[in-house]
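This report concerns only the one structure given below.
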Amino acid sequence: SAKASGSNQWAFFKQQMTERAAVRLRTEASLHDALKNEEFVLHFQPKFDLNTGKVIGCEALIRWQKEGRLISPMSFIPVAEETGIIIPIGRWVIEESCKVIRHWQKKYQYAIPIAVNVASQQFADASLVPDIKQLALRYQIPPELLEIEITETSLINDIELAINKLQQLKSAGFGIAVDDFGTGYSSLSYLRHLPITTMKIDRGFVSDLPGDSAIAATILMLGQQLNLNIVAEGIENEQQLDWLKAHNCAIGQGFYFSQPLPLSEFESRYIQAHDTKVSLL
Ligand code: C2E
Ligand code: MG
Ligand code: MG
Ligand code: MG
């Protein structure tokens with residue numbers, strides 16, 4: 001009967017929910033262990049000045065080294081966000097990035113900004129802003145060398161939460177980038193009031209280039225009008241690069257230049273060849 005099948009469906013649904021909750025709990029526990037056992041690692045993807053070809057910054061991207069495999073953030077960051085464990089993981093990312101900035105300064109006299117991704121849950125944490133300030137002090141890092149990336153979607157969804165903290169961070173000198181720009185439907189009227197320094201054009205619009213360029217062109221114009229730095233994400237070929245250069249996009253990131261790299265590879269490829277090192281000898 002309909003009633004019986006309805007109650008079967010309910011039982012099935014309940015069982016599914018219980019399984020999902022169990023998977024989440026298990027994953028949360030193993031993320032906890034991963035943090036404790038230092039299984040997370042940052043890779044660094046360089047950002048280039050498209051006119052000079054020089055590396056002018058990089059983005060720190062987390063990976064999980066689990067039983068000899070490297071796990072993509074796409075498969076654990078969403079669970080980390082759902083369960084709240086993104087807060088200590090995110091703090092680890094920020095501290096680790098501060099250590100790297102310090103290390104590059106001391107070892108190579110090399111200073112480029114590192115951008116870290118910060119999830120909206122971290123903005124709900126009262127200690128985010130004081131933590132960032134304290135870490136910058138502890139590692140003696142000029143704030144402009146640390147850039148906070150927040151996706152447009154989470155910025156828009158939690159605008160009340162984020163805006164005040166972003167204002168504090170921006171006033172303290174940290175860079176603020178809106179990540180995946182163009183996917184979050186921000187309204188133009190308040191975009192200009194947001195405390196941001198950089199807009200990152202979502203890679204989806206870069207991959208449409210050069211054929212389908214209306215959105216990328218509009219974002220570039222908008223960013224230029226608002227006097228923001230603009231970074232094109234996900235540049236994969238020369239045609240995309242040529243279009244971006246022709247439209248005065250100053251900064252780019254993507255597999256065409258480099259994948260995200262382990263620290264030692266980033267250093268040997270981009271820092272040891274750097275001329276400030278030569279001038280130190
Ligand atoms: P995102 O912040 O937008 O980072 C850019 C992603 O695009 C990275 O993927 C990068 O490897 C990839 N990418 C860069 N250039 C290209 C390209 O030319 N083609 C293609 N197809 N992809 C490119 P990844 O490292 O897998 O990270 C995925 C997302 O995971 C990030 O997107 C970010 O939202 C999140 N994520 C990564 N690390 C962290 C973290 O430490 N904290 C938080 N909250 N999220 C993170
Ligand atoms: Mg990012
Ligand atoms: Mg992005
Ligand atoms: Mg993204």
Side-chain angles (χ1 to χ4, degrees), residues 31 34-35 39-48 50 55 57-65 69-100 113-125 128 132 146-155 157-158 162 175-184 196-209 216 219 229-241 244 249 251-263 265-266:
L31 288 170
L35 201 52
E39 290 169 8
F40 292 116
V41 63
L42 294 180
H43 282 192
F44 300 88
Q45 188 178 35
K47 288 193 248 177
F48 292 85
L50 297 184
V55 175
C58 66
E59 178 172 9
L61 294 153
I62 196 170
R63 277 96 183 85
W64 181 4
Q65 276 175 313
R69 289 183 309 136
L70 210 56
I71 302 190
S72 147
M74 258 114 71
S75 63
F76 66 88
I77 289 291
V79 187
E81 291 180 349
E82 268 182 65
T83 57
I85 198 177
I86 190 65
I87 290 175
I89 293 176
R91 193 184 187 284
W92 177 86
V93 170
I94 295 166
E95 177 156 16
E96 196 64 18
S97 298
C98 288
K99 286 183 186 170
V100 170
I114 296 185
V116 296
N117 293 283
V118 176
S120 60
Q121 289 80 358
Q122 293 175 260
F123 280 92
D125 174 16
L128 178 75
I132 292 176
L146 190 68
E147 187 172 56
I148 306 301
E149 288 192 7
I150 177 167
T151 64
E152 186 191 16
T153 310
S154 55
L155 184 57
N157 289 345
D158 294 293
I176 311 288
V178 184
D179 205 352
D180 302 349
F181 191 84
T183 61
I196 59 178
T197 54
T198 301
M199 253 161 65
K200 297 187 80 176
I201 307 176
D202 186 70
R203 128 166 95 79
F205 305 118
V206 173
S207 73
D208 287 341
L209 299 175
I219 297 175
N229 303 311
I230 304 167
V231 179
E233 296 193 273
I235 302 173
E236 292 185 345
N237 61 51
E238 201 171 358
Q239 290 74 22
Q240 294 164 353
L241 174 61
L244 288 160
C249 180
I251 306 169
Q253 182 181 350
F255 295 168
Y256 180 69
F257 305 110
S258 171
Q259 300 260 336
L261 301 170
L263 181 65
E265 217 172 305
F266 187 96

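Counting starts at 1 for both ligands and their atoms, following the listed order.
Ligand 1 has a nitrogen or oxygen under 3.5 angstrom from a nitrogen or oxygen of Glu59. Among the atoms of Gln253, none of the N or O lies under 3.5 angstrom from an N or O of ligand 1. On a distance-only criterion, Glu81 and ligand 1 share no N/O pair closer than 3.5 Å. Checked against a 3.5 angstrom limit, the closest N/O atoms of Phe255 and ligand 1 fall inside it. At under 3.5 Å, a nitrogen or oxygen of Gln45, whether backbone or side chain, sits near a nitrogen or oxygen of ligand 1. For a threshold of 3.5 Å applied to N or O pairs, the pair formed by Ile62 and ligand 1 contains at least one separation below that value.
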Checklist entry - Going through the distances and angles, do Ile94 and Gln122 end up as a side chain to side chain contact (heavy atoms under 4.5 Å, CB included)? => result CA-CA 11 Å; Ile94 295 166; Gln122 293 175 260; 4.2 Å; yes
Item to check | Residue pair Val93, Phe40: steps toward the side chain to side chain contact (heavy atoms under 4.5 Å, CB included) verdict | outcome: CA-CA 9 Å; Val93 170; Phe40 292 116; over 6 Å; no
Next on the checklist: Using side chain to side chain contact (heavy atoms under 4.5 Å, CB included), reason through Ile148 and Ile132 one step at a time and then give a plain yes or no.
Outcome noted: CA-CA 10 Å; Ile148 306 301; Ile132 292 176; 3.9 Å; yes
Item to check | Step-by-step side chain to side chain contact (heavy atoms under 4.5 Å, CB included) determination, Leu42 to Val100 | outcome: CA-CA 10 Å; Leu42 294 180; Val100 170; 5.7 Å; no
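Using a 4.5 Å heavy-atom cutoff, the side chains of Ile235 and Gln240 are in contact. Phe257 has its side chain within reach of Leu241: a pair of non-hydrogen atoms, C-beta onward, lies under 4.5 Å apart.
Among the atoms of Glu233, an N, O or S atom falls under 2.8 Å from the Mg ion (ligand 3). Within the coordination shell of the Mg ion (ligand 2), defined by N, O or S atoms under 2.8 Å, Asn117 is present.
Under the 30°/60° scheme for interplanar angles, the aromatic rings of Trp64 and Phe76 are found to stand perpendicular.
Of the options Met74, Gln121, Arg63, Arg203, the smallest heavy-atom separation from atom 7 (O) of ligand 1 is shown by Arg203.
Close contacts between ligand 1 and Val93 involve ligand atoms 41 (O) [criterion: under 4.0 Å to a heavy atom]. The atoms of ligand 1 that sit less than 4.0 Å from any heavy atom of Asp180 are 3 (O). Close approach of ligand 1 to Glu236 is summarised as follows: ligand atoms under 4.0 Å from at least one heavy atom of the residue are 17 (C), 18 (O), 19 (N), 20 (C), 21 (N).
Counting just the N/O/S atoms of Glu59, the one with the shortest distance to the Mg ion (ligand 2) is named OE2. Looking only at its N/O/S atoms, Glu149 has OE1 as the one nearest to the Mg ion (ligand 2). The atom name of the N/O/S atom in Asp179 closest to the Mg ion (ligand 3) is OD1. Among the heteroatoms counted here (N, O or S) of Asp180, OD1 is the one nearest to the Mg ion (ligand 3).
No hydrogens or angles considered: a donor-acceptor pair under 3.5 Å links the side chains of Ser154 and Thr151. For the residue pair Glu59 and Asn117, a side-chain donor N or O sits within less than 3.5 Å of a side-chain acceptor on the partner.
Shown here for Phe255 and Gln45, the closest heavy-atom pair between the two residues is CD2-NE2, 3.9 Å.
Within the structure, the closest approach of Pro260 to ligand 1 falls below 4.0 Å when heavy atoms are considered. At least one heavy atom of Glu233 sits closer than 4.0 Å to an atom of ligand 1.
Residue contacts with ligand 1, taken as heavy atom pairs separated by less than 4.0 Å, involve Asp179 solely via side-chain atoms from C-beta onward. When heavy-atom distances to ligand 1 are checked against a 4.0 Å cut-off, Ile235 comes that close only through its backbone atoms N, CA, C and O.
A salt bridge between Lys200 and Glu147 is absent, with no side-chain N of the basic residue lying under 4.0 Å from a carboxylate O of the acidic one.
Here CG of Leu35 is found 6.0 Å from CD1 of Ile89. Values are rounded to the nearest 0.5 Å.
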